[in-house]
Amino acid sequence: MISPSILTPNLRTHISTKRTHGPHRIPQTAPARNIHASKPHPTASLPRPTDSNQTRITDILQLDVLERLKAFLMASEAAQLQYETAWVVTNIAAGNTPQTQAIVDAGFIDTLLLSLGTKGALSLKTQVAWALSNIAGESSALREHLMHQNALGAVVEVLNNVRHNVAAAQDSSQVDQMATIRARGIYADVRVLVWTVANMCRGGFKAKEMWWLYIPAFETLTEMLLLEDIEICTDACWGLSRILSNMHKVDEFLDHLKFSPRLCPRLVECCCSNNINLQTPALRTIINIASGPNQHISTLLEAHPFPTLILFLDNQNSPGLRRDALLTIANIAAGDEKHVACVLDFPGLMDRVEEMVSVVGSEPEGEDIDDEDLGMGTSRRRYRRGRHDDGDEEEEWKVVQEAVWIVSNVTSLGSVQKVGELLHTHPLLPRRLTYLIQHQQTPTMTLIKALDAITNIISRTQPPHLPEFVHLGALETAMLIGKRGGRGSLGVVERCEALVEKSMQVTGGDVTQLVDGMNGNVSIEMVPRRLSLLQQQEQRRALAEKEARRRSAGTSLGGELDGDVMWVEEAVGRMSILGKEG
């Protein structure tokens, strides 16, 4: 038999290992919107499962006692035995992939869900939820299986019951629910339950087919976000961000989703936190809200996010934080004309955006150089090394891309008057956009959005800025790129053709003035006759988690995972293996 020792909750600590990084956006090609825990404290230093831990799990599994553990788990007359057994199952589920799969193959999911639905103590239900979360953290396939079993709904129900009991326990003088939660000694339970819901909300499968299961989870996580606790709010934000990412463009979900009037103001408040662990998921939730319908953008704007977003654009912040802030603005600018006006009217916002529309690692000087010195399609201006010398150029280009996307969106969806005012107050924008399309190393998506923005400006300004772009060499560059294959991208060729077509429309089809003075590099035959503008102006982008963490620095623990697991330290190690009954 197996005799579990009685372990103190203080021995519990967590490991964030089965985790992917959730709400950045799925990149698109047009103006767009985009998207643990411990007992007693989840933010303590995180001990990793070691090879020794994995060996102990293997030792347990080799005893062939899983069926006996399932029986212990259902022993309602022995609450302590149930609790300790759930603890052991939690740690086995935190093991490597075969060890987690052994739990699943033995039918523990059904048993755990039955335990979750009993009238047992909250501590047992929390431990059971913890085990289910570790299973969910193993793979998207297991998360999908759990969703079909409605494990998410079962954990949400437990969390809602806790929330309602806390509310009922408060008297009229109490306004801080966290004080009540701590006074009742259930803080660790709430923390684990919120983390479990957030972990189960990770995607990786056809989540849209089960959209209705995410509505109550979204509502409950919103309520948890209102609690005054950084750890709980952090996990609640991750859960909200993941749900919105999974449900991006799922009309049924969006039609039934009702935002609490306190959600967006609370998210903006969390973005103002000094804790980057909270800032990041809060901002990503805002990104994914802005990736939704126009009414969601309007609700977000009522929370006044721009004063916070503009602070994130400071160069002292990380490229990732600047990129996410710009992505939020780009999504807002992909709304409607009124939303664009809000972006353009906020003092200083477009000044910061304009500064970021630049070639990474270079800043233009005034001296012209022959094209032969730079290579075809490179800027006709000399470049000198700029402020990005020591930075990660790939990450900085992502920042530039989002800034250009904003310019493309506002010049596409803003009123003609607003676009004209933008160019009047930011006269260097045409030049900055031209430099980007002329630079050989501009990434494809940034190049596409710069071409979109130039086309928008030529077609939507009175008088048109075509002569300025011709003088800067933008049209010549577009023709040359189109002739030579679009730097390896069909989308670039299409944008170049669209730019030339719009220029022809502006000049009444007289291509002579378009090619005049272009050093003979462009022939009339290059100019397309019938083209369509391929700008998907209404597309929005959601942000999904991309980064993955490992269980351990070693390779023996299963490699990269796509969720979180929490290890209950010492649980397996302190069990007394007395024997096995046949």
Side-chain angles (χ1 to χ4, degrees), residues 23-35 208 211 214-215 218-219 222 240-268 271 282-310 324-346 349-350 353 402 404-419 421-422 449 452-453 456 460 533 535-544:
H24 193 162
R25 120 201 106 224
I26 304 165
Q28 307 290 343
T29 58
R33 305 185 178 173
N34 291 311
I35 258 265
K208 65 180 181 180
W211 62 266
Y214 290 96
I215 295 289
F218 191 93
E219 294 172 349
T222 297
L240 293 169
S241 176
R242 291 163 185 159
I243 291 174
L244 292 171
S245 176
N246 294 339
M247 297 293 105
H248 183 54
K249 295 185 177 179
V250 180
D251 292 338
E252 296 90 344
F253 173 84
L254 296 173
D255 290 343
H256 287 80
L257 181 63
K258 305 298 180 185
F259 282 166
S260 164
R262 297 184 291 174
L263 173 60
C264 289
R266 179 59 169 166
L267 287 169
V268 173
C271 283
L283 180 55
R284 294 189 173 200
T285 304
I286 288 175
I287 290 171
N288 290 345
I289 288 175
S291 75
N294 283 348
Q295 60 265 33
H296 289 185
I297 296 180
S298 298
T299 300
L300 175 61
L301 289 176
E302 291 174 0
H304 307 291
F306 290 136
T308 299
L309 293 174
I310 198 171
D324 285 0
L326 289 168
L327 174 56
T328 306
I329 299 166
N331 276 351
I332 294 172
D336 56 29
E337 191 174 292
K338 292 181 180 179
H339 299 142
V340 172
C342 291
V343 172
L344 296 178
D345 290 343
F346 189 81
L349 184 57
M350 289 306 298
V353 172
E402 296 305 332
V404 176
W405 212 311
I406 292 171
V407 176
S408 176
N409 285 0
V410 298
T411 55
S412 169
L413 300 177
S415 67
V416 171
Q417 177 184 353
K418 285 294 184 182
V419 173
E421 292 174 358
L422 171 66
K449 299 317 300 176
D452 282 348
N456 293 338
R460 307 200 67 233
L533 299 179
Q535 303 179 69
Q536 307 164 17
Q537 304 291 12
E538 296 304 320
Q539 195 164 16
R540 289 102 189 252
R541 296 170 289 165
L543 188 58

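Side-chain atoms are counted along with the backbone in the values below, which use heavy atoms only and exclude waters and symmetry mates. The residues of the chain are indexed from 1 along the displayed sequence. The structure displayed is predicted, hence computed values, not measured ones.
Note: W405 CH2 to D452 CG = 9.0 Å, rounded to the nearest 0.5 Å. Taking CG from L257 and CD1 from I243, the interatomic distance works out to 9.0 Å, rounded to the nearest 0.5 Å. With rounding to the nearest 0.5 Å, the separation of CD1 in I406 from NZ in K449 is 12.0 Å. A distance of 12.5 Å separates SG of C342 from CD1 of I329, quoted to the nearest 0.5 Å.
Contact detail for A330 and N409: the closest heavy-atom pair is O-ND2, 2.8 Å. Here the shortest heavy-atom pairing between L309 and A325 reads O-CB, 3.9 Å. The two residues A333 and L413 have their closest heavy-atom pair at O-CD1, 3.6 Å. Of all heavy-atom pairs spanning R460 and S412, the tightest one is NH1-O, 3.4 Å. Smallest separation of non-hydrogen atoms from G414 and V419: O-CG2, 4.0 Å. Contact record, P265 with A303: N-CB, 3.7 Å, taken as the closest heavy-atom pair.
A search for side-chain hydrogen bond (donor to acceptor under 3.5 Å, both in side chains) contacts involving E337 returns nothing, not counting sequence neighbours. Every residue meeting the side-chain contact (heavy atoms from CB on, under 4.5 Å) condition with E219, not counting sequence neighbours, appears here in chain and number order: I215. Residues forming a side-chain hydrogen bond (donor to acceptor under 3.5 Å, both in side chains) with D251 (at least two apart in sequence, or on another chain): none. A search for ring-ring contact (aromatic ring centres under 6.0 Å, His included) contacts involving H304 returns nothing, not counting sequence neighbours. With sequence neighbours excluded, the residues forming a side-chain contact (heavy atoms from CB on, under 4.5 Å) with R266 are L225, L226, E228, C233, E269, C270, listed by chain and number. Every residue two or more places apart in sequence or in another chain was checked for a ring-ring contact (aromatic ring centres under 6.0 Å, His included) with Y214, and none qualifies.
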Side-chain donor-acceptor distances from residues 295-302 under 3.5 Å, at least two apart:
| from | atom 1 | to | atom 2 | distance (Å) |
| --- | --- | --- | --- | --- |
| S298 | OG | N294 | O | 3.3 |
| S298 | OG | H339 | NE2 | 3.0 |
| T299 | OG1 | Q295 | O | 2.9 |

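The shortest side-chain heavy-atom distance between I286 and C271 falls under the 4.5 Å cut-off. Using a 4.5 Å heavy-atom threshold, the side chains of L422 and M350 count as touching. Annotation: side chain of L240 is in contact with side chain of T222 (closest heavy-atom distance under 4.5 Å). For the pair V410 and V353, the minimum side-chain heavy-atom distance is 4.5 Å or more.
Note: W211 and H256 have tilted aromatic rings, judged against thresholds of 30 and 60 degrees for the angle between ring planes.
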